[in-house]
Amino acid sequence: MSKAIQAVRGMNDVLPDSIGHWQHVERIARDLLHAYGYREIRFPLLEKTELYARSIGELTDIVEKEMYTFEDRNGDSLTLRPEGTAGCVRAGIEHGLLHNQQQRLWYLGPMFRHERPQKGRYRQFHQFGVEALGIPGPDVDAELVLLSARWWRALNLDGLTLEINSLGTPSVRAAYRENLVAYFESRRGELDEDSLRRLHRNPMRVLDSKNPAMQDVVSGAPSLADALDNESRAHFDQLLELLAGANVSFVVNPRLVRGLDYYTRTVFEWTTDRLGAQSTVCAGGRYDGLVEQLGGRPTPAAGFAIGLERLIELLAIQGAASQPHQPELFVAVAQPTAQAAALQLAERMRDAGWRVTCHCGGSSLKSQLKQADRSGARLALLLGEDELARGQVQVKDLRGAGEQWSVAAGELDGFLRERLEQR
RNA sequence: GUGAGCGUAGCUCAGUUGGUUAGAGUCCCGGAUUGUGAUUCCGGUUGUCGUGGGUUCGAGUCCCAUCGCUCACCCCA
């Protein structure tokens, strides 16, 4: 035991008993994304480190201390993707998908961040990403929000709150940031330790302070909403109107900031109070400058990402049913001499379209039926020397009182269809 | 990176002020039924008590270190 190798910290196995949730969520998502005209794109888990440094921002926590970065054998610095947007945009530029075109794209896969694991936060985690590229208006922002809202409905998930805000253009943000720092500097004596640390690093986070003693300083701070340029203001107002018109309820949260530098104008988050400290299930926004920053032509863009582990944890808390893929039939053999015939019988049943588990490995009939019961199969097919001699199969109902029928091999298909297809 | 809690069988856990060979349930296997599950009864297998050191006549139990897990801070999906 002590020699057994364990998984890397923060990287989880998904075992067969819980895979049903994953498959359920993935199936619903694929249908939904296709319904909105989004197409899947796949790109590498590994990219040049520079891609993330340039897009996410050199001074963010992700780039400064959370990336899995190493040199390959050529001496190139490579990084395991900490998020999907950068790779998606890089692929789009590289293959000319963004040249005077609109693209609606989605992807699914693992992301990697070297953080201390805790509930809802892992070093390898999975995201669904949805990106709409080449479309400038608030209408596509609204489409993304509507898509996410429909996602929750499709999963029967409730209790999520939509928070939304506008960060304006990069120059508006830079100017606001300076004002904010100046304001807090003027009241420096009232700031707590946390806030002082954030002051120059990430001044907008100071507004998030949970310290009641800070409320007075925070409420007196200049507001980003007041600083917005006219176009951003209009963009945001139109978006809110579109959402209201589509009956999506939201909370404007003027303090909502995103951790990645590339966001412009719209940012939004779907949050829950049921996941401990990690409340964000889905987050995204507009990133009009990113394509150009990564070497493409100026291209407006917006998107969001959903954390799969968090989503699945929520579904589990809500007790959402996940159907495991159980066999319909279980083939058991009474004597080892019938094993070859049993394998052939199982093959014939699969030809007919049934999900079949065939007993292998030679144990008592009693134990085989026990396995048959646990497998979840509705019917057991019994084959022994007697049945072979008479050209019959015993069919036993495992879900009822244990009724059993002797069925001629030639009539088996029809018999099973009748039994299994009722309900 | 910081802090707190927890590590005993595959799983869930009990284990008294330190005292014999470390237990239960579950799971798995066999039997009661020479060919019949889920219920019942009987029997059986399962352990580096996370690891290393210390105290002691004696350590699962006390002390120290270390590793792992969990939760929280920070940050984020």
Side-chain angles (χ1 to χ4, degrees), chain A residues 1-10 12 15 17 56 59-66 81-85 108-130 148 193-195 197-198 201-202 205 208-210 257-260 268-272 275-285 303-314 330 332-338 359 361 363-387 394-404:
Chain A
M1 242 350 238
S2 60
K3 284 180 188 162
I5 295 174
Q6 288 182 284
V8 175
R9 175 197 287 248
N12 299 310
L15 302 179
D17 279 347
I56 296 169
L59 294 179
T60 58
D61 275 17
I62 293 177
V63 171
E64 275 193 340
K65 49 189 195 192
E66 295 175 2
R81 63 186 187 194
E83 59 102 37
T85 301
L108 164 65
M111 308 294 165
F112 303 85
R113 290 183 202 172
H114 191 105
E115 301 177 88
R116 201 66 174 260
Q118 70 187 65
K119 189 178 181 66
R121 189 177 76 185
Y122 310 101
R123 289 187 174 180
Q124 173 174 318
F125 61 101
H126 295 75
Q127 283 187 341
F128 260 108
V130 181
S148 58
E193 197 183 330
D194 253 4
S195 302
R197 187 170 43 74
R198 287 167 174 157
R201 201 183 153 66
N202 201 344
R205 287 266 175 227
D208 278 338
S209 177
K210 293 163 192 159
V257 193
R258 311 263 56 255
L260 291 68
F268 65 92
E269 268 186 21
W270 288 93
T271 59
T272 174
L275 285 183
Q278 311 305 324
S279 58
T280 305
V281 176
C282 168
F304 67 82
I306 292 178
L308 261 283
E309 281 82 358
R310 291 181 187 178
L311 188 59
I312 284 166
E313 177 71 16
L314 266 187
F330 190 102
V333 294
Q335 295 89 15
T337 47
H359 172 75
S363 49
S364 72
L365 186 60
K366 178 190 176 74
S367 126
Q368 291 181 48
L369 281 163
K370 209 179 238 181
Q371 288 172 40
D373 185 52
R374 299 232 169 86
S375 77
R378 297 235 343 244
L379 298 176
L381 304 186
L382 247 85
L383 210 53
E385 287 165 0
D386 293 354
E387 286 75 20
Q394 300 283 332
V395 180
K396 178 163 184 144
D397 181 4
L398 295 168
R399 300 299 141 214
E403 234 181 319
Q404 187 167 322

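Protein chains get the first letters and strands the later ones, always in sequence-line order, with residue 1 at the start of each. All values below were derived from every heavy atom in this structure, side-chain atoms included, with hydrogens, water molecules and symmetry-related copies excluded.
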Rounding to 0.5 Å, atoms CZ (A/Phe125) and CZ (A/Arg113) come to a distance of 4.0 Å
Rounded to whole Å, please give me the gap between CZ in A/Arg374 and P in B/rU39. 8 Å
Which nucleotide, in any strand shown, forms a Watson-Crick or G-U wobble pair with B/rU12, with both distances under 3.5 Å? B/rA24
Smallest heavy-atom separation, A/Lys119 atom then A/Leu275 atom, equals CD-O, 4.1 Å
Determine the interatomic distance between P on B/rU56 and the same-named atom on B/rC49; round to the nearest Å. 23 Å
Rounded P spacing from B/rG5 to B/rC42 in Å: 44 Å
Looking for any heavy atom pair under 4.0 Å, which part of the strands does A/Glu269 touch: base, sugar-phosphate only, or nothing? nothing
Answer yes or no: is there a side-chain heavy-atom contact under 4.5 Å between A/Leu308 and A/Leu108? yes
Proximity to the side chain of A/Arg116 - top-ranked nucleotide from B/rG30, B/rG3, B/rA77: B/rG3
Describe the nucleic acid contact of A/Gln278 in one word from base, sugar-phosphate, nothing, applying a heavy-atom distance below 4.0 Å. base
If I take atom CZ in residue A/Arg205 and atom C1' in nucleotide B/rC75, what distance separates them, rounded to the nearest angstrom? 7 Å
Using the C1' atom as the reference point in each nucleotide, state the distance between B/rG23 and B/rC64 in Å, no decimals. 29 Å
A/Ser364 has a side chain; which of B/rU36, B/rC76, B/rG31 sits nearest to it? B/rG31
Tell me whether the side-chain N/O atoms of A/Arg9 come closer than 4.0 Å to OP1 or OP2 in B/rC69. yes
Whether the side chain of A/Arg123 engages the backbone of A/Met111 through a donor-acceptor N/O pair (distance < 3.5 Å, no angle test) should be reported. no
Taking a pair to mean Watson-Crick or G-U wobble geometry with both distances below 3.5 Å, B/rA65 pairs with B/rU51
Is there a salt bridge (Lys or Arg N to Asp or Glu O under 4.0 Å) between A/Glu115 and A/Lys65 once you walk through the steps? CA-CA 8 Å; A/Glu115 301 177 88; A/Lys65 49 189 195 192; over 6 Å; no
Looking at OG1 of A/Thr272 and CD of A/Glu313, how far apart are the two atoms once the value is rounded to the nearest 0.5 Å? 10.5 Å
To the nearest Å, how far apart are A/Glu313 CD and B/rU70 C1'? 13 Å
Which of these nucleotides, B/rC74, B/rC71, B/rC29, is closest to any side-chain atom of A/Arg198? B/rC74
When you measure from the side chain of A/Ser375 to the backbone of A/Ala377, do you find a donor-acceptor pair of N or O atoms at a distance under 3.5 Å? yes
Separation of the C1' atoms in B/rU45 and B/rU26, to the nearest angstrom: 14 Å
Base paired to B/rC71 (Watson-Crick or G-U; both N/O distances under 3.5 angstrom): B/rG3
A/Asp386 CG to B/rU34 P: how many Å, rounded? 14 Å
Could you tell me whether A/Gly120 contacts a base, only the sugar-phosphate backbone, or nothing, with contacts defined as non-hydrogen atoms closer than 4.0 Å? base
Flag side-chain contact, heavy atom, 4.5 Å: A/Ser148 against A/Ile306: no
Between B/rU36 and A/Gln368, counting only base atoms on the nucleotide and side-chain atoms on the residue, is there a donor-acceptor pair under 3.5 Å? no
At 4.0 Å (heavy atoms only), tell me whether A/Thr60 reaches a base, stays on the sugar-phosphate, or touches nothing. nothing
Under 4.0 Å, counting only non-hydrogen atoms across every strand here, what does A/Tyr122 touch: a base, just sugar-phosphate, or nothing? base
Identify which nucleotide among B/rA77, B/rA72, B/rC74 has an atom closest to any side-chain atom of A/Arg197, counting heavy atoms from C-beta outward. B/rC74
Distance, C1' atom - from B/rG25 to B/rA9, rounded to whole angstrom: 12 Å
Could you state the CD-P distance from A/Gln404 to B/rA38, rounded to the nearest angstrom? 15 Å
Please determine whether any donor N or O and acceptor N or O are separated by less than 3.5 Å between the side chain of A/Lys396 and the base of B/rU36. yes
Looking only at the side chain of A/Leu365 (C-beta and beyond, no hydrogens), which of the listed nucleotides B/rA77, B/rU36, B/rC29 gets closest? B/rU36
Tell me whether the side-chain N/O atoms of A/Gln118 come closer than 4.0 Å to OP1 or OP2 in B/rA72. yes
Whichever of A/Lys119 and A/Leu308 has its nearest RNA chain B nucleotide further upstream toward 5': A/Lys119
Which value, in whole Å, describes the distance between the P atoms of nucleotides B/rU17 and B/rU12? 26 Å
Reckon A/Gln335 touches a base, only the sugar-phosphate, or nothing at all at heavy-atom distances under 4.0 Å? base
N/O donor-acceptor pair, side chain A/Glu387 with base B/rG35, under 3.5 angstrom: yes
Heavy atoms from C-beta onward define the side chain here; which of B/rC76, B/rC29, B/rC75 lies closest to that of A/Glu115? B/rC75
Spacing between A/Asp373 atom CG and B/rA38 atom P, to the nearest angstrom: 7 Å
Using a distance-only criterion (donor-acceptor N/O pair, under 3.5 Å, no hydrogens), is the base of B/rC71 paired with the side chain of A/Arg121? no
Under 4.0 Å, counting only non-hydrogen atoms across every strand here, what does A/Ala372 touch: a base, just sugar-phosphate, or nothing? nothing
Can you tell me the Watson-Crick or wobble partner of B/rG43, both distances under 3.5 angstrom? B/rC29
What's the NE2-P distance between A/His114 and B/rC74, to the nearest Å? 19 Å
May I ask you to say what A/Lys366 touches in the nucleic acid, namely base, sugar-phosphate or nothing, with a heavy-atom cut-off under 4.0 Å? base
If the P atom of B/rG58 is compared with that of B/rG19, how far apart are they to the nearest Å? 14 Å
May I ask you to verify if any side-chain N or O of A/Arg258 is less than 4.0 angstrom from the OP1 or OP2 atom of B/rA77? yes
Rounding to the closest angstrom, what is the interatomic distance between B/rU55 and B/rG60 at atom P? 16 Å
Does any N or O in the side chain of A/Arg399 come within less than 3.5 Å of the main-chain N or O of A/Asp373, such that one atom is a donor and the other an acceptor? yes
Atom CG of A/Asp61 and atom C1' of B/rA77 are separated, to the nearest Å, by 15 Å
